[in-house]
Every structure is written in C-alpha cells, then in structure tokens.
There are 2 protein chains.
Amino acid sequence: MEFKHQATVTLAEVAQAAGVGESTVSRVLRNHGSFSGKTRERVMAAVERLGYVPNRIAGTLASTGSRLVAFVIPSLSNIVFPDVLRGASAVLEENRYQAVFSVTDYDPSKEEALAAAMLAWRPAAVMLAGCEHTEGTVKMLRASGCRVVELLDLDGDALDIAVGFSNRAAGRESAAFLLKRGYRRIGYVGHDLNRDTRAGKRFSSFCETLDAHDAPLIAREILAGASSVENGRLGLERLLARTTDLDAVYFSNDDMALGGYFHCLAERIAIPSKLAIFGYNGLDIGRATPQPLSTIRTPRVATGQIAAQLVVGNAPPQAVDLGFELIEGATA
Amino acid sequence: MEFKHQATVTLAEVAQAAGVGESTVSRVLRNHGSFSGKTRERVMAAVERLGYVPNRIAGTLASTGSRLVAFVIPSLSNIVFPDVLRGASAVLEENRYQAVFSVTDYDPSKEEALAAAMLAWRPAAVMLAGCEHTEGTVKMLRASGCRVVELLDLDGDALDIAVGFSNRAAGRESAAFLLKRGYRRIGYVGHDLNRDTRAGKRFSSFCETLDAHDAPLIAREILAGASSVENGRLGLERLLARTTDLDAVYFSNDDMALGGYFHCLAERIAIPSKLAIFGYNGLDIGRATPQPLSTIRTPRVATGQIAAQLVVGNAPPQAVDLGFELIEGATA
DNA sequence: GGTATTTTTGGCAGCGCTGCCAATTTTCGG
DNA sequence: CCGAAAATTGGCAGCGCTGCCAAAAATACC
C-alpha cells in the first residue's frame with residue numbers, strides 16, 4: 001500500500017463549503033481586509049470541519065515577499081551556531097517567519113552552492129557567518145535583491161546588515177589581559193584556522209598585540225580538524241612536550257581551552273600559577289568548572305535575536321556591534 | 001532608497017533569450033527528459049548570462065511533492081538536537097532536500113502549533129522528537145498525508161517511521177550497571193522531567209530496576225529549568241547537603257553529570273571511591289575529562305542520518321532501533 | 001425616503017514552474 | 001530515397017493562493 005493521502009483541502013473547497021467567495025476565505029484566514037463577524041464564523045467553521053491547512057507554498061508564490069529566512073552556517077557541532085539559530089528562531093517564530101538552514105562545513109565553495117540553493121526559495125533574508133565569502137557568493141547575493149545578514153564578525157565590509165562584534169578586538173583584548181596579568185611566555189593551541197577565519201583573525205591580532213609588547217608568541221600547536229575538547233587536551237599535551245617554559249596558553253575557543261584545562265588537572269599542573277589558560281566564547285560550562293575559565297564571552301544568542309529583528313523590521317543596512325565581555329575567571 | 005531589486009529573471013525570459021520553449025529550459029535545468037547537447041549549451045549560456053535562479057516555490061507548487069523536510073525539535077541548547085540535525089542535514093543536502101526547523105521549548109502545545117505551521121509548507125516529512133504528542137498533533141499529522149518520523153525514542157507506538165532507541169532500556173541498563181558495580185545507596189539529580197519526557201522515562205525505568213534489586217533510590221534532586229552543567233553542579237551540592245551517605249548518583253544527562261563531576265573536583269570528593277557519577281548521552285567532552293565519564297552513548301548523529309535516508313528513500317513505516325552503548329568510563 | 005458613503009464580497013488574472021500531449025525534427029533500416 | 005521509429009521540442013493548462021477591481025449590501029446623512 002502506498003502513502004499518498006494528501007487530503008489536500010483547498011481554499012476553494014473551504015469557500016464552497018462556507019458558501020462564500022475564495023477571497024473572503026483568504027481575508028478571514030489572514031485577518032486582513034474587512035469582513036463581517038458572521039462571515040468569519042462561517043469560514044472558521046468550514047475550516048475546522050474540513051481540516052483545512054493553508055498552503056504557504058501557493059501563498060508565497062502568489063504574494064510578493066516570502067517569510068522564509070535562510071541560514072547558511074558553517075557547522076552545527078560548534079555550539080556557537082545553534083546558539084545563534086536559537087536566538088533568531090524565537091524572534092522569527094513570533095513574527096510568523098520560517099527558518100531554513102544548511103551547513104557548509106566551513107567550506108567557502110560549499111557556502112556558495114548552498115547559498116544558491118537557498119536563494120531558489122526566494123527567502124526574505126539570507127544569514128551567513130562572517131564576512132568572507134567567495135566572489136561568486138557575493139555577486140549572487142547582491143543580485144538576489146534579498147536581505148543579507150552577516151553574523152559574528154565585524155572585521156570587514158558588510159554586504160548589507162552585519163551583526164556581531166570584532167574578532168580582532170577579541171584577540172587583542174585577550175592578549176592585553178594576559179600581558180597585564182604578567183604572563184610573558186605565551187603559547188597557542190588552535191584548530192584548523194584556514195577554515196575558521198574568525199578564529200584566524202583572533203589569533204593574528206593576538207600575536208600582533210604580543211609582538212607590540214615585546215613578548216612574541218613562543219610556541220603554537222595547530223590541530224587539523226574541528227575544535228573539540230579532546231583536540232584541546234591533545235594540543236596542550238603536544239605543546240608542553242615541546243616547550244617547557246610557557247606560562248600561559250591561549251586557545252582558539254572554550255572547547256579547546258577546556259581540553260587544556262583537563263590536561264592540567266590530569267597532569268597536576270597548577271592553574272594558573274604554573275600555567276594560565278585563556279579561551280574564547282564564554283560557554284556556560286566554563287563557569288561551572290572548579291576554577292571558572294578565563295575567557296571572552298560572546299553574545300551569540302543576542303546576535304541571532306538582533307539579526308532576526310532587523311530582518312523582520314526591514315531595517316536599513318547597518319553594522320551592529322554587540323561587543324563582548326572579558327571574563328577574568330580563575331585560570332589566568 | 002528602498003531595496004527591492006528582485007531582478008526576478010524568470011524561466012520564460014531564459015527561454016526567450018535562448019530561443020527555445022519554456023519546457024525545454026525546465027528539462028535542461030532539471031536534467032530530466034530528453035534534449036540535445038546543443039540545446040543544453042544554449043540554455044546554460046542564457047542562464048549564465050541572465051543570472052537566472054530557478055524559483056523553487058513555483059516549482060514545488062507546480063509539481064506534486066516538495067523537497068522540504070520539517071524538523072520540530074524541543075531545543076537547540078541541548079546538543080542532542082543539533083547533533084540530529086547535523087546527521088540529517090548532510091543526507092538531505094546530498095539529495096537536494098531542504099531542512100526547515102522550529103523549536104518547541106519542550107512544550108507539547110507549542111509543538112502542535114509549530115507542526116501545523118510546518119504542514120503549511122507541505123513538507124515531504126515532519127520529524128519530531130519522541131513519541132508523545134498531543135491528540136491534535138497526531139490527528140493533524142495523520143491527516144496531512146506526509147511522512148512522519150519520530151526521533152530518539154522507541155518506547156511507544158510510532159505514527160509512521162521511528163528512529164532511535166529505548167530510553168527505558170537506557171535507564172534500566174544504567175541502574176543495572178551501577179548495581180553490578182556494587183553501589184547500593186543511589187541518588188538522582190535531574191532537570192525538569194515533565195517537559196523532557198525521555199529523561200522521565202529513563203528515570204522511571206532506572207528506579208524500577210533499583211526497586212527490583214532491593215536498592216531503591218535514596219534521594220533525588222530535581223531542578224527546574226533546562227539541563228545544564230551549572231544545574232548539575234548545584235543539584236549535586238544540594239543533594240549532598242541533605243543526604244550524606246550516597247555512594248552513587250545518576251544524572252539526567254551528561255551536562256548535568258559534568259556539573260556533578262566538577263562539584264566533586266572542587267570539594268575534593270573522591271570519584272568513584274567516595275561517590276560514583278553516571279550520566280547519559282556520551283558527549284565527547286566526557287571522554288576528555290581526567291577521569292572519563294561513565295555514561296551511555298546515544299547515536300544522535302546516526303539517528304538523524306537514518307531518519308533522513310528513510311525519508312529520501314520513501315521507506316515503508318518502520319521502527320529502527322539504533323541501540324546505545326554503555327561506556328564504563330572511570331567515574332562509576 | 002433618497003442619495004452618498006462605507007463596508008463586505010466575489011470574480012478572476014496572474015505568481016513561475018511542471019506535466020502532459022501533440023507537433024516537429026532526426027535517425028534508422030531497407 | 002522513403003516510411004517508421006525515436007528523439008526533441010513547444011504550447012498550454014493548471015498547482016493553490018493573493019491582489020486588484022468592481023459589484024452588492026449595509027449604513028449614514030439630509
């Protein structure tokens with residue numbers, strides 16, 4: 001037996017059942033235009049009786065603007081993006097918008113392909129991570145006429161709307177904090193930077209700041225693949241095997257930093273007296289560790305919320321800097 | 001200045017530019033039906049030149065089935081759901097399906113409302129968490145004629161397809177493991193169970209198993225709100241303040257368990273000799289802690305993958321049990 | 001009571017694309 | 001070189017709904 005019921009009740013059938021015209025049903029359902037209370041009741045009764053579910057595909061095609069918002073994000077493993085989606089989806093749902101998404105795995109050419117596929121749904125807006133995109137992506141988005149929101153990175157030219165903060169500033173402040181604390185022999189443990197350009201920006205600004213204070217980075221360990229707690233642990237282990245006199249390590253993010261933290265716990269390396277640890281993101285888990293993680297808290301959920309609000313409100317092009325917060329913690 | 005370019009190039013325009021009929025363009029673009037190589041080139045050239053982007057809204061309306069898959073998930077904070085989305089989205093993208101989602105916050109009536117909204121997009125399938133739904137939701141899904149996939153819980157009757165494992169079995173095995181290890185004075189720390197029915201099922205089976213072995217649960221601490229590391233830490237602290245002679249604690253999931261683990265580290269409570277800790281989910285982070293977390297690893301990504309494959313392949317109704325794996329770890 | 005308004009309502013032409021079918025062109029076999 | 005079969009191609013009717021416009025009904029005003 002096949003599964004094709006598609007009890008497809010149409011607006012026309014509702015109209016007939018209610019004894020009114022199609023447009024009247026449409027008006028009642030969208031609560032738009034004028035109609036009498038009596039008509040309203042008859043229509044609603046028919047809708048109820050027939051179990052009518054409006055067809056948004058048809059509705060969107062017939063009207064001008066769609067209520068779809070497309071997210072093209074690098075990853076779902078990195079909690080950053082679910083957090084952004086979470087912030088955005090609450091606002092979008094309130095405004096009867098619908099979120100659509102696809103995942104690029106940090107691959108710019110995949111981003112281009114997926115953005116193209118998204119555009120085919122004629123979304124009201126496309127939301128992307130960061131401001132680095134292929135030429136093709138930029139051209140396509142420009143030509144599309146739909147709103148474009150670039151998230152989580154303000155270090156570059158925005159196509160239309162940008163919401164987030166400066167990763168370069170985050171890298172700088174992290175370095176400044178460690179220097180202020182008196183650390184001078186600093187190392188870095190990070191994940192694949194070519195793919196995660198935002199982590200790359202933090203790292204390069206971090207290094208520049210160290211250089212400017214005559215305390216250049218002493219050692220680094222870059223692990224292939226995505227950031228993870230295990231990679232952070234492994235990275236610190238490797239770094240310490242090669243370099244014995246470090247007094248602080250900057251990690252590409254909190255996942256990695258937690259790995260480093262666990263490595264120190266396991267190896268009984270005193271934190272921060274023997275080795276300081278500094279992360280990035282300000283995950284909740286970093287606040288519950290025996291020693292709160294020193295890190296920078298980023299406004300991930302708020303980024304999603306604001307982005308969604310700007311789209312819903314059809315705001316003019318702008319860059320919104322939500323800033324970030326340095327959490328002193330107890331590991332640095 | 002307003003932003004309404006909508007350079008809406010239509011198929012008809014491409015057809016005219018290429019000097020062919022509309023249906024020919026449609027065939028070439030979908031690589032469906034027959035056409036000559038020469039025609040193909042002319043069409044592609046025109047597409048390129050005009051920057052044509054097909055309109056999937058129109059395409060979906062005109063053809064019968066849509067290539068949308070709708071996810072109605074409880075949360076994006078709980079990494080479980082991003083993991084499922086991740087597994088599914090890879091498979092869906094390969095097959096040119098598009099994922100749409102909305103978040104219920106574990107509220108069944110919100111689930112009903114969101115499922116209704118999703119149905120309006122006439123998706124090929126709706127994916128939901130668990131098998132507990134309101135009567136209205138069930139009725140609506142049944143009537144919709146679209147595929148329904150229930151994820152991550154096999155303890156109940158499936159509407160159509162179900163992919164996951166038994167939460168009751170997970171609770172049972174967790175209890176059996178602790179008992180086998182010799183723990184007899186067992187407590188529980190969990191988050192709001194009314195909302196997260198799967199955690200509730202694990203807990204009740206856990207308790208039944210303890211009862212069956214004459215080692216009933218000694219104490220429990222249920223925290224309002226979502227699961228989090230901080231809530232786990234707080235929960236264990238409270239539990240221990242009231243009950244001093246516990247030898248093991250079962251947590252509603254790994255986030256909570258990690259909080260408990262951190263509490264023990266901070267309070268210098270020896271694990272597992274003084275207190276054993278057992279979680280649920282098998283998050284990666286639990287493998288990188290100084291002592292690997294004892295837990296049950298659930299096939300979250302695989303659940304998403306399989307679910308997507310079944311939908312793409314239009315498989316018949318079935319329940320797929322992916323099982324789970326007990327990780328002995330070192331905390332119990 | 002009659003006319004001017006205002007409120008409700010229905011009809012119908014698309015939105016851009018796909019599916020069906022018939023027309024046209026190409027290829028093949030003898 | 002001709003008819004038949006196969007490969008291409010174009011035309012056009014919808015898919016289900018919204019937006020526009022004019023008709024009809026209700027209400028207001030003098």
Side-chain angles (χ1 to χ4, degrees), chain A residues 4 6-43 46-47 50-68 96 117 119-124 144-145, chain B residues 4 6-43 46-47 50-68 96 119-124 144-146:
Chain A
K4 270 281 173 61
Q6 289 298 24
T8 317
V9 181
T10 67
L11 196 161
E13 299 179 76
V14 175
Q16 182 147 50
V20 301
E22 294 182 34
S23 28
T24 302
V25 176
S26 178
R27 276 184 296 251
V28 170
L29 256 30
R30 287 178 298 151
N31 196 32
H32 173 276
S34 67
F35 45 83
S36 69
K38 208 182 310 168
T39 306
R40 194 192 128 81
E41 275 169 36
R42 290 172 58 193
V43 169
V47 164
L50 302 182
Y52 171 67
V53 177
N55 184 333
R56 286 262 237 166
I57 299 276
T60 303
L61 179 61
S63 62
T64 45
S66 93
R67 278 177 176 272
L68 283 173
R96 309 196 324 126
L119 252 17
W121 290 103
R122 298 292 188 272
S144 76
Chain B
K4 271 280 174 64
Q6 289 299 25
T8 317
V9 180
T10 67
L11 197 161
E13 299 179 77
V14 174
Q16 182 146 50
V20 300
E22 294 182 34
S23 27
T24 301
V25 177
S26 178
R27 276 186 294 252
V28 171
L29 255 30
R30 287 178 299 152
N31 195 32
H32 173 277
S34 67
F35 46 82
S36 70
K38 207 183 311 170
T39 305
R40 194 193 127 80
E41 276 169 35
R42 290 173 57 192
V43 169
V47 165
L50 302 182
Y52 171 66
V53 177
N55 184 333
R56 285 260 236 167
I57 299 275
T60 302
L61 179 61
S63 63
T64 45
S66 93
R67 279 178 175 272
L68 282 173
R96 309 197 323 125
L119 251 18
W121 290 102
R122 298 290 188 270
S144 75
C146 83

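Keep in mind that this is a model prediction, so the values were computed, not measured. Residue numbering restarts at 1 for every chain, and letters A, B, ... go by the order of the sequence lines.
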Where protein sits on nucleotides 11-22 of chain C, one letter per nucleotide: B base, S sugar-phosphate only, - none, heavy atoms under 4.0 Å: B--BBBBSB---
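Using a 4.0 Å heavy-atom criterion, one finds that B/G65 contacts no nucleic acid atom at all.
The nearest pair of heavy atoms linking A/R122 to B/V53 is NH2-O, 2.7 Å.
Contact between the side-chain N/O atoms of B/S34 and the OP1/OP2 oxygens of D/dT8 is found at a separation under 4.0 Å. For C/dT9, one of the phosphate oxygens OP1 or OP2 lies less than 4.0 angstrom from a side-chain nitrogen or oxygen of A/T39.
Direction of the helix axis in the helix from C/dG1-D/dC30 to C/dG30-D/dC1 shifts by 20° between the two five-pair termini, rounded to 10°.
A/K38 places its NZ atom 13 Å from the P atom of D/dA25, with the value rounded to the nearest Å.
Residues forming a side chain to side chain donor-acceptor pair (under 3.5 Å) with B/R67 (at least two apart in sequence, or on another chain): none. With sequence neighbours excluded, the residues forming a side chain to side chain donor-acceptor pair (under 3.5 Å) with B/T24 are B/R27, listed by chain and number. Legend: residues meeting side chain to side chain donor-acceptor pair (under 3.5 Å) with A/S23, ordered by chain and number and at least two apart, are absent. Residues forming a side-chain contact (heavy atoms from CB on, under 4.5 Å) with B/V47 (at least two apart in sequence, or on another chain): B/V14, B/L29, B/V43, B/Y52. By the side-chain contact (heavy atoms from CB on, under 4.5 Å) test, A/A62 pairs with no residue at all, sequence neighbours left out.
Judged purely by atom type and a 3.5 angstrom limit, A/R56 has no side-chain atom pairing as donor or acceptor with the backbone of B/W121.
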When the side chains of residues 31-40 of chain A are checked against the rest of the protein, which donor-acceptor pairs come out under 3.5 Å, sequence neighbours left out?
| residue | atom | partner | partner atom | Å |
| --- | --- | --- | --- | --- |
| A/S36 | OG | A/T39 | N | 3.2 |
| A/S36 | OG | A/T39 | OG1 | 2.7 |

